[in-house]
Amino acid sequence: MALTILQLFSPTQLPTAVAVLYAMPDAASQPTAVLKNGRIRLSNASSTAAVPVTLYAAPAATASGPSNCCFPSQSIAPNSYLDVDIPTLKAGDTLRAVAGTANMVTAHEMGGVLYS
């Protein structure tokens with residue numbers, strides 16, 4: 001069995017509208033795909049302002065909301081970061097994010113295992 005290591009997503013600056021950070025393979029092509037032990041780093045590049053961030057682990061074809069919020073709005077201090085564990089994602093799910101100020105917080109993929 002071959003092991004392939006890949007980056008789930010490139011570093012991404014968060015917008016002020018909910019956006020997809022990572023989309024799991026769709027259920028039609030890889031119905032058994034599962035992401036376990038996902039972890040991301042949220043870095044605030046501002047030297048003056050804390051920036052709130054919210055994350056969602058949303059099932060396929062659902063809106064982001066309280067029922068799939070995995071990291072409720074939390075402010076990240078200036079020149080600081082937070083490491084966040086991501087819930088298990090299954091085929092078709094998405095990891096979504098929104099920040100209180102555009103282009104101040106960058107999301108970095110830190111790891112995780114994609115099984116299929």
Side-chain angles (χ1 to χ4, degrees):
M1 179 169 135
L3 175 65
T4 302
I5 298 174
L6 56 100
Q7 187 176 25
L8 297 177
F9 62 89
S10 297
T12 303
Q13 287 188 317
L14 303 183
T16 56
V18 177
V20 174
L21 285 179
Y22 178 69
M24 289 288 292
D26 65 61
S29 65
Q30 292 185 351
T32 60
V34 175
L35 176 69
K36 297 288 286 179
N37 301 319
R39 189 168 181 85
I40 64 171
R41 174 166 288 172
L42 301 169
S43 302
N44 181 356
S46 168
S47 61
T48 59
V51 178
V53 175
T54 302
L55 299 175
Y56 303 90
T62 62
S64 301
S67 66
N68 53 43
C69 183
C70 63
F71 184 77
S73 183
Q74 185 169 347
S75 288
I76 301 171
N79 292 319
S80 188
Y81 66 88
L82 287 175
D83 290 343
V84 180
D85 293 322
I86 303 305
T88 299
L89 299 176
K90 63 182 181 3
D93 291 354
T94 57
L95 175 62
R96 304 173 195 166
V98 62
T101 305
N103 302 322
M104 294 305 287
V105 175
T106 303
H108 300 267
E109 176 260 345
M110 300 289 287
V113 181
L114 182 61
Y115 299 94
S116 60

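Everything quoted here is computed from the prediction, not taken from an experiment.
Pairing each heavy atom of T48 with each of S46, the nearest pair is N-OG, 3.0 Å. Closest approach of N68 and A63 over heavy atoms only: ND2-O, 3.0 Å. Taking both residues in full, the closest heavy atoms of S75 and L82 are given as O-CD1, 4.5 Å, listed atom of the first, atom of the second, then distance. The two atoms that bring T54 and C69 nearest to each other are CG2-SG, 3.7 Å, heavy atoms only. Of all the heavy atoms in P52 and S73, the pair that sits closest is CB-OG, 3.5 Å. Heavy atoms only, all atoms of each residue included: L89 and A57 are closest at CD2-CB, 3.7 Å.
Side-chain contact between V84 and V53 is absent, with no heavy-atom pair separated by less than 4.5 Å. The shortest distance between side-chain heavy atoms of N44 and S80 does not fall below 4.5 Å. No side-chain heavy atom of L95 sits less than 4.5 Å from a side-chain heavy atom of L8.
L55 and V98 are not part of a single hydrophobic cluster, where members link through side-chain heavy atoms under 4.5 Å apart. When the side chains of ILVMFWY residues are joined at heavy-atom separations under 4.5 Å, either directly or via intervening members, V105 and Y56 end up in two distinct hydrophobic clusters.
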Derivation of the side-chain contact (heavy atoms from CB on, under 4.5 Å) call for L14 and L42: CA-CA 9 Å; L14 303 183; L42 301 169; 4.2 Å; yes
Side chains of residues 18-32: which donor-acceptor pairs under 3.5 Å do they make with residues two or more places apart or in other chains?
residue, atom, partner, partner atom, Å
D26, OD1, A28, N, 3.0
D26, OD1, S29, N, 2.7
D26, OD1, S29, OG, 3.1
S29, OG, D26, O, 3.3

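The list of side chain to side chain donor-acceptor pair (under 3.5 Å) pairs with a residue in residues 97-116, not counting sequence neighbours, is empty.
When only modelled atom types and interatomic distance are considered, R41 and S43 share no side-chain donor-acceptor pair under 3.5 Å.
With sequence neighbours left out, K90 forms a salt bridge (charged side-chain N to carboxylate O under 4.0 Å, His left out) with D93.
In this structure, the separation between CD1 on I40 and CG on D85 is 10.0 Å, given to the nearest 0.5 Å.
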